[in-house]
**Student:** 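Have a look at this one.
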Amino acid sequence: MTEDESQQRPPQPPPGPEEAETAPTAVQPAPRRLTRSRDDRMLGGVAGGLGRYFDIDPVIFRIAFAASLVLGGLGGLVYLAAWVFIPEDTGATTTAAPPRQRSGALTALAIVVLAVVAGPLLLVPVLLVLGAGLFAGLLILPLAAIALVGFLVWWLVTGERPVGSTRDVLIAVALGAGLLVLSGVVFVAGAWTAAIGGGTVGAALVIAAGVMLIAGAFIGRVRWLILPALALATSVAFIAAADVDFDGGIGEREYRPTAAADIRDRYELGMGSLVLDLRFVRLPPEGKDVTLDVGVGEGVVVVPEDVCVASQADVGVGAVQVFGHESGGVDVDWEEKFRARRGAPLLVVHGDVGIGLLQVKHAGPQESFRNVDVEPGNTACATGAARR
Amino acid sequence: MSEVRRSTGPDIASLVAGVVLVCFGVVLLLDQLDVFNLRFAAVGPLVCAALGIILLASGLGRRT
């Protein structure tokens, strides 16, 4: 980094010959062209030129190029292509804008990023063991993504891209990232509130946020509230669409009735794992209906081989696995209708899962059902059409 | 956001966003009242439409 950089704004370029003829009294700004900088360069002046063109400190581009070298080298190729195809400034038409004074914060940031970039190169043996992708995935990519998103959020919220000194840009990016984090917190809190208190509370919160925005529009600058409010609305809508309800509590529940009379009509769980183990109960010949209501998590029904299972389920986001059959995605509607063979009991499983998995599987009495895969079965059912 | 816009009237983007959110909240409330059943197939387009309307308002407000 050079020490003799000044803060002076560039003087307006002198009019070219044509401009001098057509408008002798007015000073027209020279058209802005993307060129490689001759004054502010580390290699080919690409970052310096980009910084001047976008009115951003070139160090940011240098950091981006350096970081991209670790992430597959695409940035290096882009840099080389820019070096080849972007002309160097001649000093005639584009005024060399002196680079901005770099703040101590930017210098510190540059040192940190360079250390982060250079660190893995010094730890090649370790990286060979752990994998460079791990490093990139765990540290650099999230940081780069947060910075980029912060930049975009600021741009979106204010309607102006962050400009000014490096400190201004960094502050704007940090504020944008902070706003994004706040929105994430609001998203989680809104989802949690809607899941605990019910969708009515969530809907009321969304309406209240809207009213606040309407009132704020007349009072002052509340545009920054739009993103958190949208996050709130989205989370509540997500919970409402998934029909998630934490009424049943949180944790792991395992029910193992030993008599048909002990089987409840309905089992509920807010979040976690709910297992209904029916291997040790003799189901009545007339059959039994049972409902599993799981907000977020899994609901597992384990049955012996001699039970025919019909099933019907609604899953917001997730999957249904009934023996060898499976369906997944969003808004999963599942139905399999069967009749039991003569003498075999029929179990009708109703599933209501917000986000997660509903499984029905066979397992022997001595087996751990956790280790049993979902396999084709349901052989106690009469052959006939099943509907899914 | 600029000082000029504040002095000339309400912030259009905030105003439109507020109205959109109130409408969104009413839809969620109707879902809770079982007037209809909100599914993901509808939530996705709804959110996108809300975002689009707010962005449009933001852009138009900036022009004015």
Side-chain angles (χ1 to χ4, degrees), chain A residues 154-160 187 190 194 197-243 245 314-318 329-333 354-355, chain B:
Chain A
W154 176 266
W155 198 343
L156 195 66
V157 169
T158 64
E160 299 158 2
F187 185 92
T200 308
V201 175
L205 286 174
V206 173
I207 293 174
V211 171
M212 277 177 60
L213 272 172
I214 292 172
F218 292 92
I219 296 171
R221 305 170 81 172
V222 293
R223 195 181 281 201
W224 64 274
L225 269 174
I226 295 176
L227 196 61
L230 267 177
L232 174 68
T234 307
S235 68
V236 174
F238 186 83
I239 294 299
D243 207 12
D245 193 342
D314 290 323
V315 177
V317 181
V330 296
D331 293 335
V332 178
D333 284 325
I355 303 168
Chain B
M1 286 184 291
S2 68
E3 298 297 326
V4 174
R5 187 158 51 247
R6 274 204 299 158
S7 65
T8 55
D11 180 39
I12 299 299
S14 303
L15 191 62
V16 171
V19 172
V20 166
L21 280 172
V22 168
C23 295
F24 208 108
V26 170
V27 168
L28 293 173
L29 204 56
L30 292 176
D31 170 62
Q32 289 304 311
L33 297 174
D34 287 333
V35 176
F36 53 79
N37 186 21
L38 195 63
R39 308 295 302 263
F40 278 105
V43 166
L46 264 178
V47 171
C48 288
L51 270 175
I53 291 170
I54 293 170
L55 286 174
L56 270 175
S58 175
L60 292 174
R62 201 172 298 132
R63 277 177 182 277
T64 56

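Letters A, B, ... mirror the listed sequences (proteins, then strands); counts begin at 1.
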**Student:** Could you list the donor-acceptor pairs under 3.5 angstrom formed by side chains in residues 17-32 of chain B, with sequence neighbours left out?
**Tutor:**
unit_1 : atom_1 : unit_2 : atom_2 : d
B:D31  : OD1    : B:L38  : N      : 2.8

**Student:** Is there a side-chain contact between A:L230 and B:L51, using heavy atoms and a 4.5 Å cut-off?
**Tutor:** yes
**Student:** Tell me every residue that passes ring-ring contact (aromatic ring centres under 6.0 Å, His included) with B:F40, counting only those two or more places apart in sequence or in another chain.
**Tutor:** A:F238
**Student:** What distance do A:L213 atom CG and B:L15 atom CG have between them, rounded to the nearest 0.5 Å?
**Tutor:** 9.5 Å
**Student:** With distance as the sole test, does A:D331 use its side chain to make a donor-acceptor pair with the main-chain N or O of B:A41 at under 3.5 Å?
**Tutor:** yes
**Student:** Quick check: closest heavy atoms across A:V332 and B:R39, and the distance to 0.1 Å?
**Tutor:** N-NH2, 4.4 Å
**Student:** Below 4.5 Å, heavy-atom pairs only: which of B:V16, B:N37, B:I54 has the largest tally toward chain A?
**Tutor:** B:I54
**Student:** Looking at chain B, which one of A:G202, A:A203, A:A204 has the largest number of heavy-atom pairs inside 4.5 Å, strictly under?
**Tutor:** A:A203
**Student:** Measure B:L55 against the heavy atoms of chain A and call it side chain, backbone, both or neither at under 4.5 Å.
**Tutor:** side chain
**Student:** Is it the side chain or the backbone of A:A242 that comes within 4.5 Å of chain B heavy atoms, both, or neither?
**Tutor:** both
